[in-house]
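Order of appearance sets the numbers: ligands from 1, and atoms from 1 within every ligand.
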Amino acid sequence: MNKFYLTTPLYYVNASPHIGHAYTNIIADCMARFRRMLGDDVFFLTGTDEHGEKIKKAAEANKEDINVFVDRVSENFNKLWAELNISYDFYIRTTDTKHIDTVKTVIKVLQDKGDIYKANYSAFYCVPCESFWTETQVKESGGCPDCKRDVEIIKEENYFFKLSKYQKWLIDYFKNNTDFVKPKTRYNEVLSFLEKNILEDLCISRPKKRVSWGVGFPENDDYVVYVWFDALINYISAAGYHTKKEEFKKFWPANIHFIGKDILRHHAVFWPIMLKALDVELPETIYAHGWWKIGEEKISKSRGNIVNPFDLISSLTTSLGNMESAVDALRYFFLKEVSVGLDGNFSWLALVNRINSDLANDLGNLVFRTLNMGEKYLEGRITPISSEMPIKFKDNLEKLESRYVDFMSNCEFSLALDDIFQFIGVINKYIEDTKPWVLWKEKKYDEMKNFLYSLVEGIRIISLYIYPVMPFTSLSIAKQLGIDENCISLDKRSWSEVKEYIIEKGKPLFPRIDVE
Ligand code: ME8
């Protein structure tokens, strides 16, 4: 059995989750479910990033004790993952004792190796981003290059990690591992950054008098560890680095770190160098997805244009009649609307249009009318005379079967869905062309049995392909077809794998939503 280890970023707990966070976890969940369908032993990690000054300030602004505050907000993320049906295996918080121990161990290893040193420092500092910037960077951007807010000048003694020592090695690593960062645009962006700039050593401590909420620096109580240095280490601490050596050997290196493109440099420059210095293997791929925007603006806490995912699920639940359909519709929208590497534009109208056209009209209608006919004409028992595949299905089904695994493995979820929905279109057309009511009138019962079997068998195959994207819907279809969950496996995707059906029609999966 192959192992598959995938991660999401650890989200800051200074505010509640928004749909940008939901997006990353939906992508990762789709991949995790797909890999489990392939039979892999999956370890899917997500969690929260809880240290640093901005978290402390948020707790103070809320007049809450910091520990109570981080517990509450972290639980809010966890609640969202439960609602969105995110099947993570482990939820890490950077305030976990085991993680804190790992951070301290890592620092000691790097200190012993001579890769950490202490020095005086003067630089521009952005408090909300917890990042230092050079004068040129600040001048070029007119403030913090990330969030555009004002920066402070800070002079202090700190600990530094020798990034610069590994610059040449990292450039070579990129050149020899062209799939290390995906998509290609992001790979090119990092490589060109590394080739055009001289890496400065990374300041990895903050004096406690300025930043008190963090992992204490080993053997120096006056400092805490820089939040990013602390947070990145989660990917190895969760997998058991120094605590569960056997498990670590089994799951590390990670197969994919899913991140947004905003945190590419931390993951594609700092993180590989930290691992190299530790003598730990590098992750296979860092996949940086695009941003969801409203108009031209990235959706973000600092821009104040967030869409609350709990409210969105609740509105969709009202429109669709149940939460399972609402969650699957949202997951479908995010995965179908844009390719993973590109930016998307979010609006309620785009969401509703997508649901009405693909899920209500095409998929929902196909399932409902097929099961309706099965009950009306054959009293729910579909036993074909011949289980041969209709010739009209052949091309599409072969295309789907041959491309699905590659598309899904490469995070091309939208393309996989294109193939699936083309096949749905083919079956819907087959119904119109065959005119079952005429078969019935002309008493062609054997043909009717074969025809309905073809529809139901086609729907079964569709239900297993959509599983990673819409798990509730997939299982609901399987239930209506009277088959058990074991049929949701890629081994069962061949035609006529199930020979007969006893069906039980449920409610329409996706009613149409009125567009106001
Ligand atoms: O950066 N569109 O946490 P964070 C798409 N704690 N994805 C978005 C998004 C948007 N508009 N907005 C946010 C941090 N995201 C650090 C990470 S990891 C060791 C530490 C998603 O709460 C996307 O995945 O700011 C992005 O990278 C992440 O949320 C940033 O979350």
Side-chain angles (χ1 to χ4, degrees), residues 6-29 31 45-55 58 70 73-74 76-77 80-81 84 86 92-96 99 102-103 106 126 128-131 146-147 186 214-215 225-239 254 256-272 274-275 283 286-309 333-335 337-347 411:
L6 73 165
T7 69
T8 72
L10 297 199
Y11 305 108
Y12 286 129
V13 291
N14 57 330
S16 288
H18 60 71
I19 57 166
H21 305 120
Y23 179 57
T24 317
N25 277 39
I26 289 172
I27 290 175
D29 188 62
M31 181 56 86
L45 175 73
T46 190
T48 43
D49 190 352
E50 305 187 7
H51 290 129
E53 205 47 18
K54 74 173 163 196
I55 312 278
V70 296
V73 183
S74 181
N76 223 353
F77 275 91
L80 180 63
W81 308 146
L84 285 171
I86 303 297
I92 189 168
R93 301 177 54 187
T94 54
T95 47
D96 291 344
H99 169 74
T102 310
V103 173
V106 164
C126 173
C129 294
E130 315 239 5
S131 294
D146 268 357
C147 71
R186 302 290 157 229
V215 177
V225 178
Y226 168 45
V227 276
W228 265 104
F229 202 79
D230 159 5
L232 286 165
I233 291 169
N234 93 85
Y235 301 129
I236 55 171
S237 67
I256 301 193
H257 289 317
F258 281 112
I259 57 165
K261 62 181 180 180
D262 45 328
I263 52 176
L264 179 59
R265 205 165 292 172
H266 305 82
H267 284 79
V269 178
F270 302 170
W271 183 226
M274 285 163 71
L275 291 168
I286 295 160
Y287 205 116
H289 65 67
W291 286 336
W292 281 92
K293 297 179 170 181
I294 291 185
E296 285 308 301
E297 289 274 352
K298 178 192 174 204
I299 295 175
S300 78
K301 289 168 274 200
S302 57
R303 289 176 178 85
N305 61 351
I306 65 155
V307 177
N308 180 327
F333 171 78
F334 279 132
L335 297 172
E337 198 71 3
V338 290
S339 299
V340 174
L342 303 178
D343 291 348
N345 222 294
F346 182 82
S347 73
C411 305

Heavy-atom pair with the smallest gap, counting every atom of Cys411 and Ile256: SG-CD1, 4.3 Å
Side-chain (Asp49) to main-chain (Tyr11) donor-acceptor, under 3.5 angstrom: no
Ligand-residue contact atoms, ligand 1 with Asp262, heavy atoms, under 4.0 Å: 26 (C), 27 (O), 30 (C)
Evaluation steps, side-chain contact (heavy atoms from CB on, under 4.5 Å), between Asp343 and Val338: CA-CA 7 Å; Asp343 291 348; Val338 290; over 6 Å; no
Mutual orientation of the aromatic rings belonging to Trp292 and Tyr23 [parallel < 30°, tilted 30-60°, perpendicular > 60°]: perpendicular
Phe258 touching ligand 1 at heavy-atom level, < 4.0 angstrom: no
Protein contact of atom 1 (O) of ligand 1 - nearest heavy atom, named by residue and atom, plus distance: Ile263 CG2, 3.5 Å
Close-contact set for ligand 1 against Pro9 heavy atoms, below 4.0 Å: 18 (S), 24 (O)
Other residues, nucleotides, ligands: >12 heavy atoms within 6.0 Å of Arg265 CZ: no
Test of proximity, Tyr23 against ligand 1: N or O pairs below 3.5 Å: no
Donor-acceptor pair, side chain of Thr94 and main chain of Glu50, under 3.5 angstrom: yes
Numbering as shown, the atoms of ligand 1 that approach Gly290 to under 4.0 Å (heavy-atom distance): 5 (C)
Nearest-contact summary for atom 25 (O) of ligand 1 - protein heavy atom, Å: Tyr12 CD1, 3.5 Å
Any N or O of Ile299 closer than 3.5 Å to N or O of ligand 1: yes
Atom of Lys293, atom of Glu296 and distance for their closest heavy-atom approach: CD-O, 3.9 Å
Under-4.0 Å heavy-atom contact with ligand 1, by part of Thr24 that carries it: side chain
Validation row, ring centre His289 to ring centre Phe334 under 6.0 Å: no
Flag, side chain of His99 to backbone of Asp230, donor-acceptor distance under 3.5 Å: yes
Ligand 1 contact by His266, heavy-atom criterion under 4.0 angstrom: no
Heteroatom distance test (Leu232, ligand 1): nitrogen or oxygen, under 3.5 angstrom: no
Shortest protein contact, atom 9 (C) of ligand 1 (heavy atom only): Gly20 CA, 3.5 Å
Identity and separation of the nearest protein heavy atom to atom 29 (O) of ligand 1: His21 CD2, 3.3 Å
Structural part of Lys301 in contact with ligand 1, heavy atom criterion under 4.0 angstrom: side chain
Any donor-acceptor N or O pair under 3.5 Å, side chains Ser237, Thr102: no
Nearest protein heavy atom with distance in Å, relative to atom 12 (N) of ligand 1: His18 CE1, 3.1 Å
Parallel, tilted or perpendicular: rings of Trp228 and His266 (30°, 60°): parallel
Lys261 and ligand 1 - part of the residue with a heavy-atom distance under 4.0 Å: neither
Under 3.5 Å donor-acceptor, Asn234 side chain and Arg93 backbone: no
For ligand 1, the portion of Trp228 having any non-hydrogen atom under 4.0 Å away: side chain
Distance filter under 4.0 Å to Lys298 heavy atoms, resulting ligand 1 atoms: 11 (N), 12 (N)
Contact (N/O only, under 3.5 Å) between Asp49 and ligand 1: yes
Ligand 1 contact by Gly344, heavy-atom criterion under 4.0 angstrom: no
Ligand-residue contact atoms, ligand 1 with His289, heavy atoms, under 4.0 Å: 5 (C), 7 (N), 23 (C), 24 (O)
contact_flag Lys293 ligand 1 heavy-atom lt 4.0 Å: no
Proximal atoms of ligand 1 relative to Ala231 (non-hydrogen, under 4.0 Å): 19 (C)
Winner among Tyr11, Phe346, Tyr235 once heavy atoms are compared against atom 19 (C) of ligand 1: Tyr235
Polar proximity ligand 1 side, Trp291 side, N/O cut 3.5 Å exclusive: no
Heavy-atom check, side chain of His51 versus side chain of Thr95, under 4.5 Å: yes
Heavy-atom nearest neighbour of atom 2 (N) of ligand 1 within options Phe334, Phe270, Trp292: Trp292
Verdict with reasoning, Thr48 to Leu10, per side-chain contact (heavy atoms from CB on, under 4.5 Å): CA-CA 4 Å; Thr48 43; Leu10 297 199; 5.6 Å; no
Side-chain donor or acceptor of Ser300 paired with backbone N/O of Arg303 under 3.5 Å: yes
No-hydrogen, no-angle side-chain donor-acceptor test under 3.5 Å, Thr46 and Asn25: yes
Part of Ile19 within contact of ligand 1 (heavy atoms, under 4.0 Å): neither
Nearest neighbour of atom 18 (S) of ligand 1 from the list Val307, Ile306, Leu10, on a heavy-atom basis: Leu10
